[in-house]
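Keep in mind that the numbers below use all heavy atoms, side chains included, and drop hydrogens, waters and symmetry copies. Residues take their numbers from the sequence shown, with the count starting at 1.
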Amino acid sequence: DLLVSGELAWLGGVMAGMGSTVSSGTLTLRGNIGLDGGRVLENRGTASWNAGCIDLNAGVEAGSGGLVNAEGATMVAGASDYRIFAGNHSGADDGSDALFENFGTLLVDSAQAGAFAVHFANHGLLDIQRGILTVHASSFNTGVVAVGSLSAYRIDGDFDNPAPGHLRFRIAAPAQYGRMAVGGTAALAGSIGIDPVDGFEPAEGLALRVLDVGARSGTFDAIDPESPSDGLAYEVDYSEPTHIMVRVVPARPPEARESR
């Protein structure tokens with residue numbers, strides 16, 4: 001393994017071979033870079049991804065590389081055009097084992113759309129503050145996914161949200177709120193929440209189409225928070241097979257307040 005405790009700027013090239021390259025200081029990613037043959041890049045400090053692409057199967061060595069944002073670490077994807085993918089070198093080395101795991105804080109703040117064309121597992125905080133993030137594979141969440149009021153999170157494959165996974169959608173106006181779409185099957189548990197920002201106060205009758213799905217199994221275990229204000233409550237509406245709504249309704253006794 002290679003441990004870098006100071007500043008590390010990776011501006012191009014490929015790291016290959018079993019083991020990890022661990023950055024515990026300041027990491028800057030820029031340009032087209034690659035990992036291969038079981039090599040893992042792990043951020044344990046603060047990382048800035050300013051531009052370019054990361055190939056997690058960048059060469060002909062058997063096995064893909066991996067990317068990890070560790071617990072307590074922060075990675076900011078602020079590139080104008082950022083993408084993670086895994087090259088297909090045929091046979092067993094097709095890049096299907098490439099994985100990006102987030103255990104810390106992953107902030108997306110980009111005016112352009114970004115893409116992860118590898119499996120993505122979130123166990124920490126994925127905060128899409130600005131822009132559109134698309135995962136062209138399956139995704140798994142046991143942490144918090146927060147989608148900004150001008151942002152969207154799209155998953156082409158299946159999405160699994162077991163407890164304690166939480167989905168949080170920010171809203172700044174009735175038609176200005178975060179959205180999520182799953183092309184495959186969304187397996188739901190965990191919790192969902194609405195987060196008003198910029199002084200917005202949700203009123204009775206507000207209906208938010210926050211999640212589109214190809215198919216769905218399960219329901220959320222909880223709504224957190226349960227209410228936007230006194231006398232009102234959030235209700236999750238599962239009545240349509242293609243999408244999930246969150247509505248603001250009059251508060252009812254707990255025994256009567258079941259999602260429908």
Next on the checklist: Donor-acceptor pair, distance only, cut-off 3.5 Å: does the side chain of Asn50 make one with the backbone of Gly78?
Outcome noted: no
Checklist entry - Once you round to the nearest 0.5 Å, how far does CG of Asp224 lie from CZ of Arg168? => result 8.5 Å
Checklist entry - What's the shortest heavy-atom distance between Cys53 and Phe85, and which atoms? => result CB-CE2, 3.9 Å
Item to check | Taking every non-hydrogen atom, the tightest pair across Glu42 and Ala70 | outcome: OE2-CB, 3.7 Å
Item to check | Sub-4.5 Å side-chain heavy-atom contact between Ser139 and Phe116 | outcome: no
Checklist entry - Which distance, rounded to the nearest 0.5 Å, do you find between the CZ of Phe220 and the CG of Asn161? => result 6.0 Å
Next on the checklist: Checking the side chain of Asp1 only, and the main-chain atoms of Ser20 only, is there a donor and an acceptor separated by less than 3.5 Å?
Outcome noted: yes
Next on the checklist: Is it the case that the side chain of Asn43 and the backbone of Thr74 share a donor-acceptor pair, with hydrogens and angles ignored and the cut-off at 3.5 Å?
Outcome noted: yes
Item to check | Check: Tyr177 and Ile194 side chains under 4.5 Å, non-hydrogen atoms | outcome: no
Checklist entry - Any link between Ile84 and Ile128 through a network of hydrophobic side chains (Ile, Leu, Val, Met, Phe, Trp, Tyr) touching at under 4.5 Å? => result yes
Checklist entry - When the ring planes of Trp49 and Tyr82 are compared, do they come out parallel, tilted or perpendicular, using 30° and 60° as the limits? => result perpendicular
Checklist entry - When rounded to the nearest 0.5 angstrom, what distance separates CG in Leu67 from CG in Asn102? => result 9.0 Å
Checklist entry - If every non-hydrogen atom of Asp36 is compared with every non-hydrogen atom of Gly63, which pair is closest and at what distance? => result OD1-O, 3.2 Å
Checklist outcome for this item: For Val213 and His243 the tightest heavy-atom approach is CG2-N, 4.2 Å
Checklist entry - Val22: which other cluster members, linking ILVMFWY side chains closer than 4.5 Å, directly or transitively? => result Leu3
Checklist entry - Could you give all pairs that pass the salt bridge (Lys or Arg N to Asp or Glu O under 4.0 Å) test and reach residues 197-215, with sequence neighbours left out? => result Arg209-Asp212
Checklist entry - Does Leu35 reach the side chain of Thr21, with side-chain heavy atoms less than 4.5 Å apart? => result no
Checklist entry - CG/Asp160 to OG1/Thr185 distance, rounded to the nearest 0.5 angstrom? => result 10.5 Å
Next on the checklist: Tell me if the CD atom of Glu71 is crowded by more than 12 foreign heavy atoms within 6.0 Å.
Outcome noted: no
Next on the checklist: Determine whether Leu188 and Ile244 satisfy the following criterion, side chain to side chain contact (heavy atoms under 4.5 Å, CB included), listing intermediate values before the conclusion.
Outcome noted: CA-CA 11 Å; Leu188 303 179; Ile244 290 170; 3.4 Å; yes
Item to check | Side-chain donor-acceptor contact under 3.5 Å, Asp97 with Ser64 | outcome: yes
Checklist entry - Do Ser96 and Asp94 meet the criterion of a side-chain donor-acceptor pair at a distance under 3.5 Å? => result yes
Item to check | Euclidean distance, Met75 CE relative to Thr46 OG1, rounded to 0.5 Å | outcome: 10.5 Å
Next on the checklist: As an exercise, state the distance from CG of Asp237 to CG of Leu208, rounded to the nearest 0.5 Å.
Outcome noted: 11.5 Å
Item to check | Closest non-hydrogen atom pair between Val248 and Pro228, with its separation | outcome: CG1-CG, 4.1 Å
Checklist entry - Got Leu167 and Asn141 here, is their nearest side-chain heavy-atom distance under 4.5 Å? => result yes
Checklist entry - Is there side-chain contact between Tyr153 and Leu126, with at least one heavy-atom pair below 4.5 Å? => result yes
Next on the checklist: Could you check whether any side-chain heavy atom of Leu41 comes within less than 4.5 Å of a side-chain heavy atom of Trp10, counting everything from C-beta outward?
Outcome noted: yes
Next on the checklist: How about CZ on Arg179, more than 12 heavy atoms from neighbouring residues, nucleotides or ligands closer than 6.0 Å, or not?
Outcome noted: yes
Next on the checklist: Apply side chain to side chain contact (heavy atoms under 4.5 Å, CB included) to residues Phe100 and Leu106 and explain how you reach the verdict.
Outcome noted: CA-CA 11 Å; Phe100 178 18; Leu106 175 60; 3.9 Å; yes
Item to check | Sub-4.5 Å side-chain heavy-atom contact between Phe200 and Ser149 | outcome: no
Item to check | Flag side-chain contact, heavy atom, 4.5 Å: Arg170 against Asp127 | outcome: yes
Next on the checklist: Pair Val236, Thr219 - check side chain to side chain contact (heavy atoms under 4.5 Å, CB included), show working.
Outcome noted: CA-CA 9 Å; Val236 184; Thr219 60; over 6 Å; no
Item to check | CA sep, side-chain torsions, deciding dist, call: Leu150, Gln176, side chain to side chain contact (heavy atoms under 4.5 Å, CB included) | outcome: CA-CA 6 Å; Leu150 293 173; Gln176 185 179 322; 3.7 Å; yes
Checklist entry - Any idea which heavy atoms bring Gly17 and Glu61 closest together, and the distance? => result N-OE1, 3.6 Å
Next on the checklist: If we ignore hydrogens and angles and just use 3.5 Å, is the side chain of Asp221 paired with the main-chain N or O of Gly190 as donor and acceptor?
Outcome noted: yes
